[in-house]
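Structure, as C-alpha cells:
Letters A, B, ... mirror the listed sequences (proteins, then strands); counts begin at 1. Keep in mind that what you see is a predicted model, and the values were worked out from it rather than measured.
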Amino acid sequence: MTIRAAGHEPPRVALLRSMLRLRCFEEAIAERYPEQKMRCPVHLSVGQEAVSAAVGLALEPGDLAVSGHRAHTHYLAKGGSMPRLLAEIYGKRTGCSRGKGGSMHLIDETVGFKGSTAIVAGTIPVGTGLGLSLSLRNTKQVACVFFGDAAVEEGVFFEAVNFAAVRRLPVLYVCENNFYSVYSPLRVRQPEGRQIHEMVSGLGVRAMHGDGNDPELVYRTTVDALDSIRSGSGPAFVEFTTYRYREHCGPNFDNDIGYRTEAEFLRWRAADPVEAYERRLLDLGTVTSEAVRDMRAEIAAEVADAFAFAEHSAFPDAAEAYCDLYAGEDGT
Amino acid sequence: MSRVRTYAEAIAEATAIAMEIDERVLCFGLGVDDPKRVFGTTAGLLERFGPARVFDMPTSEAGMTGVAIGASLDGARCLMTHQRLDFFLLALDQIVNNAAKWRYMFGGQSTPVRLVVRLILGRGWGQGPTHSQNLQSWFAHIPGLKVVMPASPADAKGLLLSALFDDNPVLYLEHRWLHQMQGDVPEGDYRVPIGKANRVADGDDLTIVTMSSMTLEALHALPCLRKAGLSADVIDLRTVRPLDWETVLGSIRKTGRLLAVDTASPTCSVAAEIVATAASECFDRLKAPPRRLAMPDFPVPTSPALTANFYPRAEHIAAAAASMLGRTIDVEDIVASRTSPHDVPGEWFKGPF
Ligand SMILES: Cc1ncc(C[n+]2csc(CCOP(=O)(O)OP(=O)(O)O)c2C)c(N)n1
Ligand SMILES: [Mg+2]
C-alpha cells in the first residue's frame, strides 16, 4: 500500500467533486422521500459534506471505517456503492445489507466500510477493536470512527478511547460537531465552555479541531492525524464543527419548530461549504465553470442511475427475513 | 360522561398529576422538553413544572439511570423516558445490578428506589433490528423489577400513576403504535393496580392471553371467531411482572385452552412462561396443547418486503385460535378491513420515525 507523505496538497478538484456528489445524493433523497418508497428513517448530512468528502479522500483505500446513524456520506466517501446504498434505503434485495438494515445499517467490506449502526456511540468501541487487530497484525492501516457530538456523552466513548490510548492503537476518531443531538443543543448536554477536543486531549489522545466546512482544512488536519497514527504515535481525535441543514431525521427543514432559529440556519446556509468551495476553486482558476457544469451533470446522471437501480431492483422474498442469523447456515 | 384521550395524552396527563401530587417527582430523558415532546407524551410538563423538574439530559443512558437511582435514594421519584427501548440497553447494569437489587441486598432497610423508566417499543417504517425490540421478558426475568405494558389510554394513565407511586423500580413499556389510540380516560388520580390483569372479553372456548398492542389485535380477531361460533376469554396482562396468575390460570381452567400471544420473539418469552405455568399448574384441565403466538425468532428486518408477514396480527390470532379448536376459519374480513400499509399504524403516519 502506498502511504501519502505528510503535508502534501489537498486534491482540490476531487474534494469539490466529492462534496457536490454527496450534496446531490442527499438532496435527491430529501426530494423523493415524500413518495413514501423509502420506508425507513433517514438521517441526511446536507450541510456537513465537507467532513465526509475530505476525510474520505485523506483515508487510504485500505483503511477501515465505521459510523453511526448519519452515515450515508461516510459510506459513499469511503467508496461504498451508491446504487447499493440507495437500494438498501428502498428495502431492496440488491441493497448493501440486502434489505435487512436500511439507512442506518450500512456495510461494504470491499471498500473497508465495516458497518454503521443506529445506537449512538455503538461503533466507537468496534472501531477501536478494528484498530486493536490492525495493530497486532502490524499493518499500516488505520481504523476510522465517525460519530457526532452526542456520542462523546456515552460511557463507551471514554472506555474505548482510553483503551486506544493505553495501547496506542491506530484509530482515527472523527467527531462531527453540528451542535445538536436531535433537538437538544449542546448546552443542555455538555458544560458551557467545554471544548470536546480539549476534553479528549485530557484523556491522553492527540486531539485536533477545526472548521468542518473548510474541506482543505479538514483534509490537512486529517492527513496530519493519519500520519501520526501511522508513525506509531497512537490514536488521534479530530473535531470538526459543521451544521446540519435539514431535520435530524427525515427530509424536511424544521427551523420553525423552536429548537433553533431560522437566523442561525441562514447564517450557516450563507456560508454553505459546497457553494463556498466551488466559488473558491473558480476564483483560483483551479476549475472552470464548464468543468463544474460537466461535473454536476455527471453526478446527476450517477444519482439518477442509482435511483433507477434502486427502484427497479426486486424486493427480497419475505422468506429472506429468516436467513443470515447464524454463520454456517444458509436457511433457518 | 365519556372523556376521550389518546394514549399519548393519557401518559402526559398521568405524569402531570403525579408531579402535582408530589413535588419530588422528576421527569427527564432525551427530548422530554423538546418541540416534539416525545410523541406528545410529555406535552405541557415543562411549562407547568419548570426546567428544574422536567429536563433533557446528556446522551448517557447508563450514567443517568444510576443518577436516577441515586436521586430516588434521597427521596425523589424519577420518571425517565427513552424514545426506544433499544437505547436503554446501555443502562442494563444500573437497572439490573443496582435498581433491582438495592432493597434486597441491603436487607430491606434502604430508602425505596422510586424509579419508573418509560420505554417505547418501535414498530414499522423500517425501524429495523435496533429500533424495535420487545425485551419485556429480559426485564421480567429480574427479581426486583416490575414490568407493565399498558394496552389502552386508560391503562396508560392508570398504570403510570401506580408506577410513579410504587416504592419499587418499574419498567413501563409503551407501544409506539398505541400513542395515537383514543379511548375513555378517567379524570384525576386514576390508578390501575400493578399486577392485576384485565379480562377484556369473555368466552368459553379458549383463553387468549395478550399484552400491549397484541390486546388490540386479539380484540380484532374476536368477530371472526364469533362468526364461526367460537368465543374466547381475552386476558390483557397489563403487568408482566408480577404476573396475575390467579386471573390467567383461572381462565385457563375454565376454557381448557391457552393461546399466549406475545409482542416479542418466542424463546424464553413471557408467552413461554405462561405456557409453562399453564402446563404445570393446570395440566389436567387442558383440552389441547397450549400454544404461543409470537414474533419470529429473528431480529426485525428493515425492508417492508421482509416485515410484511413478520408481526402476528388479528388474522393470525384468529387462525391459531380456531386451529386449536380443530377448525379452519375465514380471516379474509380482517385482512380486507385494513386500509393502511402493513408497516404503518395508520394512514396518518408518513415517516420518518
Ligand atoms: C444510545 C442511543 N440513545 C439515543 C438514541 C437516539 N438518537 C438517535 S440519533 C441521536 C442524536 C445523536 O446526536 P449526534 O451524535 O450529535 O449526531 P447527529 O445526529 O447530530 O449527527 C439520538 C439521541 C440512539 N440512537 N441511541
Ligand atoms: Mg450532533
Side-chain angles (χ1 to χ4, degrees), chain A residues 33-34 36 38-43 88-93 95 97-105 117-122 148 150-156 181-185 188-190 247-252 254 257-259 314-325 332, chain B residues 28-38 51 55-66 83-84 86-91 93-94 122 124-133 295-310 341-344 349-353:
Chain A
Y33 196 76
Q36 305 266 293
M38 294 178 253
R39 299 178 83 82
C40 64
V42 288
H43 301 82
E88 187 60 33
I89 300 170
Y90 272 79
K92 299 300 180 73
R93 178 188 280 144
S97 303
R98 298 178 180 159
K100 293 246 172 48
S103 157
M104 297 193 288
H105 307 97
T117 67
I119 299 300
V120 168
V152 308
E153 295 153 21
E154 296 286 9
V156 289
S181 167
V182 195
Y183 311 113
S184 306
V188 303
R189 301 179 284 117
Q190 298 180 30
E247 59 191 338
H248 163 70
C249 175
N252 302 306
D254 67 352
I257 67 173
Y259 72 103
F315 279 110
D317 287 337
E320 290 171 43
Y322 313 111
C323 62
D324 302 327
L325 187 58
T332 57
Chain B
F28 58 98
L30 296 178
V32 296
D33 60 354
D34 80 14
K36 298 276 171 87
R37 302 292 165 100
V38 192
F55 54 91
D56 207 336
M57 65 175 210
T59 320
S60 309
E61 289 82 358
M64 292 306 296
T65 304
Q83 309 232 9
R84 287 290 179 272
D86 317 64
F87 309 157
F88 176 64
L89 297 186
L90 279 76
D93 164 56
Q94 288 296 330
W125 200 264
Q127 294 298 300
T130 62
H131 276 58
S132 52
Q133 294 172 86
M295 294 272 284
D297 237 342
F298 281 83
V300 177
T302 299
S303 169
L306 297 173
T307 54
N309 276 309
F310 205 80
H342 80 274
D343 63 343
V344 293
F349 188 91
K350 305 287 180 208
F353 188 63

Looking at [X] and [Y], what are the two nearest heavy atoms and their distance?
X: A:Cys323; Y: B:Phe298; result: N-CE2, 4.1 Å
X: A:Gly250; Y: B:Pro352; result: CA-CG, 3.7 Å
X: B:Phe87; Y: A:Ile119; result: CD2-CD1, 3.7 Å
X: A:Gly91; Y: B:Ser303; result: O-OG, 2.6 Å

Please state whether the side chain, the backbone, both or neither of [X] comes within less than 4.5 Å of a heavy atom of chain B.
X: A:Asp317; result: backbone
X: A:Ser184; result: both
X: A:Met104; result: side chain

Across all chains, not counting sequence neighbours, the ring pair (Phe, Tyr, Trp, His ring centres under 6.0 Å) partners of A:Tyr33 are none
Residues passing the ring pair (Phe, Tyr, Trp, His ring centres under 6.0 Å) test with B:Phe28, sequence neighbours excluded, are B:Phe55
| field | Short side-chain to backbone donor-acceptor contact, B:Thr59 and A:Glu153, under 3.5 Å | value | no
### Query
Can you tell me if B:Thr302 uses its side chain to pair, donor with acceptor, with the backbone of A:Lys100 under 3.5 Å?
yes
dist A:Gln36:CD -> B:Trp125:CH2 (nearest 0.5 Å) comes out at 4.0 Å
When rounded to the nearest 0.5 Å, the distance separating CD of A:Glu154 from OG of B:Ser60 is 5.5 Å
Chain A shares the most heavy-atom pairs under 4.5 Å, among B:Met57, B:Lys36, B:Gln127, with B:Lys36
Answer key: most heavy-atom pairs under 4.5 Å with chain B among A:Ala118, A:Gly258, A:Pro34, A:Ser181 is A:Ala118
Counting heavy-atom pairs under 4.5 angstrom with chain B, the leader among A:Pro251, A:Gly101, A:Ala151 is A:Gly101
Per side-chain contact (heavy atoms from CB on, under 4.5 Å), B:Leu306 is matched among A:Arg93, A:Arg98, A:Glu320 by A:Glu320
Side chain, backbone, both or neither: which part of [X] has a non-hydrogen atom closer than 4.5 Å to chain A?
X: B:Asp343; value: side chain
X: B:Leu89; value: neither
X: B:Asp297; value: backbone

Q. Yes or no on side-chain contact (heavy atoms from CB on, under 4.5 Å) for B:Val344 and A:Arg39, after CA distance, side-chain angles and deciding distance?
A. CA-CA 10 Å; B:Val344 293; A:Arg39 299 178 83 82; 3.8 Å; yes
